[in-house]
Amino acid sequence: MNYLHNIGAYFLMIKEIFRKPTKWSVMKRLIFNDIDDLIIGSLGIVAFISFFVGGVVTIQTALNMTSPIIPKTLVGFATRQSVILEFAPTFISIIMAGKVGSFITSSIGTMRVTEQIDALEVMGINAVNYLVFPKFVALMLYPFVISIAMFLGIVGGLAACYFGGFATVEDYVTGVQMDFIPFHITYAFIKTTVFAFLLATIPSYYGFYMRGGALEVGKASTTSFVWTSVMIILCNYILTQMMLTV
């Protein structure tokens, strides 16, 4: 029954996000602050992970192509497909659930512990809109982060090919361009937008409705990471089944 209560309270919180909005002059500042914290602040770790994951995918693909009749262009093709379809949108989103999700839960949870949320409600401010809506808007820029992850993943694969001698640069670039389906980019960005919504709302829910002290803030951060990751993987399966199997 506790799961049903959490699901119901989560959807009620989503409805509350869009009710009684905060003044735009205040909201604008909150949105830009969250863009800086959640999007700009994540670019470094996303770039680092994407580059080296792309390199690892390329190396593993090349080392498993032992038959001489398999063209080397397949290295670039496999890297592109792996990075665009799965590694950039899903793998990076699970990492962001740890970085961004924990930040959102701990920041809102600390406000709950120190009774700042109670003070907002006493002043007649819609606390859910004030705290969660800026994060929701900021994470709508999340596909921009994933596009950088896609690019750097493919560049990382190119670097691995060049320095490791697994394939020539010409073969790798030809493989990246081979049989390209533009809908795969659309699919990746639709998936990313759904993940961004989950990253903004699930950690906010666990931070907003937590009770207790500093220890409970840490527990709420852990719980939010677990459930955000579970929902990302579940939605990944559902969206892939819906969009790529027709």
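Bear in mind that the values here come from a model prediction, so they are computed numbers and not experimental data.
The hydrophobic cluster containing Tyr209 does not contain Val217, counting ILVMFWY residues as joined when their side-chain heavy atoms lie under 4.5 angstrom apart, directly or transitively. Hydrophobic clustering (ILVMFWY, side-chain heavy atoms < 4.5 Å, transitive): Trp24 and Phe32 are in one cluster. Each of Val75 and Ile59 belongs to its own hydrophobic cluster when Ile, Leu, Val, Met, Phe, Trp and Tyr are linked at side-chain heavy-atom distances under 4.5 angstrom. Follow the hydrophobic side-chain contacts under 4.5 Å out from Phe225 and you never reach Leu215; the two are in separate clusters. Criterion: ILVMFWY side-chain heavy atoms under 4.5 Å apart, direct or through other members. Under it, Met210 and Tyr10 are not part of a common hydrophobic cluster.
Here Tyr162 pairs with Val169 under the side-chain contact (heavy atoms from CB on, under 4.5 Å) rule; sequence neighbours left out. For Tyr237, the side-chain contact (heavy atoms from CB on, under 4.5 Å) partners at least two apart in sequence or on another chain are Gln241. With sequence neighbours excluded, the residues that form a salt bridge (charged side-chain N to carboxylate O under 4.0 Å, His left out) with Asp118 are Arg112. Residues satisfying the salt bridge (charged side-chain N to carboxylate O under 4.0 Å, His left out) test with Glu16, not counting sequence neighbours, are Arg19.
For residues 109-128, no pair satisfies ring-ring contact (aromatic ring centres under 6.0 Å, His included), with sequence neighbours left out.
Across all their heavy atoms, Met231 and Ile202 have their closest contact at CG-CD1, 3.7 Å. Nearest heavy atoms, Ile117 versus Ile108: CD1-O, 3.8 Å. The nearest pair of heavy atoms linking Ala160 to Phe166 is O-CD1, 3.5 Å. The nearest pair of heavy atoms linking Tyr206 to Thr105 is C-CG2, 4.1 Å. The two residues Gln60 and Asn64 have their closest heavy-atom pair at O-ND2, 2.6 Å. Summarising the geometry of Leu85 relative to Lys191, their closest heavy-atom pair is O-NZ, 2.8 Å, with the distance given to 0.1 Å.
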Check: Passes side chain to side chain contact (heavy atoms under 4.5 Å, CB included), Asn129 versus Met27? Steps please.
Finding: CA-CA 9 Å; Asn129 175 266; Met27 183 60 70; 3.3 Å; yes

Next item on the list: May I have the step-by-step check of side chain to side chain contact (heavy atoms under 4.5 Å, CB included) for Asp37 and Lys135, ending in yes or no?
Entry: CA-CA 10 Å; Asp37 289 334; Lys135 294 169 177 54; over 6 Å; no

Item checked: Test side chain to side chain contact (heavy atoms under 4.5 Å, CB included) applied to Phe77 and Thr61, step by step -> CA-CA 10 Å; Phe77 175 79; Thr61 303; over 6 Å; no

Margin query: Run the side chain to side chain contact (heavy atoms under 4.5 Å, CB included) test on Asn236 and Phe195 for me, step by step, so that the C-alpha distance in whole Å, both residues' side-chain angles and the decisive distance to 0.1 Å come before the verdict.
Written below: CA-CA 9 Å; Asn236 182 44; Phe195 295 165; 3.8 Å; yes

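A salt bridge does not link Lys72 with Glu170: every distance from a Lys NZ or Arg NE/NH1/NH2 to an Asp or Glu carboxylate oxygen is 4.0 Å or more.
Atom CZ of Phe151 sits in a sparse spot, with 12 or fewer heavy atoms from other residues, nucleotides or ligands closer than 6.0 Å. By the 6.0 Å contact criterion, CZ on Phe18 is enclosed, its count of non-hydrogen atoms from other residues, nucleotides or ligands being greater than 12.
Under a 3.5 Å cut-off, the side chain of Asp171 and the backbone N or O of Thr73 do not form any donor-acceptor pair.
Using a 4.5 Å heavy-atom threshold, the side chains of Asn126 and Thr22 count as separate. Ile185 is listed as a side-chain neighbour of Phe180, based on a closest heavy-atom distance under 4.5 Å. At least one side-chain heavy atom of Phe133 sits less than 4.5 Å from a side-chain heavy atom of Val137. Residues Leu38 and Leu199 form no side-chain contact, since every pair of their non-hydrogen atoms from C-beta on lies 4.5 Å or further apart.
Distance check, rounded to the nearest 0.5 Å: OG1 of Thr228 to CG of Leu198 gives 7.5 Å. Considering CG of Leu158 and CZ of Phe163, their distance stands at 9.0 Å, rounded to 0.5 Å. From Thr58, atom OG1 reaches atom CG of Leu63 across 10.5 Å, with rounding to the nearest 0.5 Å. The CD1 atom of Ile232 sits 10.0 Å away from atom OG1 of Thr192, with the distance rounded to the nearest 0.5 Å. Interatomic distance, OH of Tyr187 versus OG1 of Thr240, reported as 2.5 Å (0.5 Å rounding). The distance from the CZ atom of Phe144 to the CD1 atom of Ile39 is 9.0 Å, given to the nearest 0.5 Å.
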In a table with atom names and distances, give each donor-acceptor pair under 3.5 Å that connects a side chain of residues 92-104 to protein atoms at least two apart or in another chain.
{"unit_1": "Ser93", "atom_1": "OG", "unit_2": "Pro89", "atom_2": "O", "d": "2.4"}
{"unit_1": "Ser93", "atom_1": "OG", "unit_2": "Tyr142", "atom_2": "OH", "d": "2.8"}
{"unit_1": "Ser102", "atom_1": "OG", "unit_2": "Gly98", "atom_2": "O", "d": "2.7"}

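Ring orientation note: the planes of Phe87 and Phe91 are nearly perpendicular, at an angle over 60° on the 30°/60° scale.
Residues Ser106 and Ser221 bring no donor and acceptor atom of their side chains to less than 3.5 Å of each other. Checking Tyr205 against Asn6 by side-chain atom types alone, a donor-acceptor pair falls below 3.5 Å.
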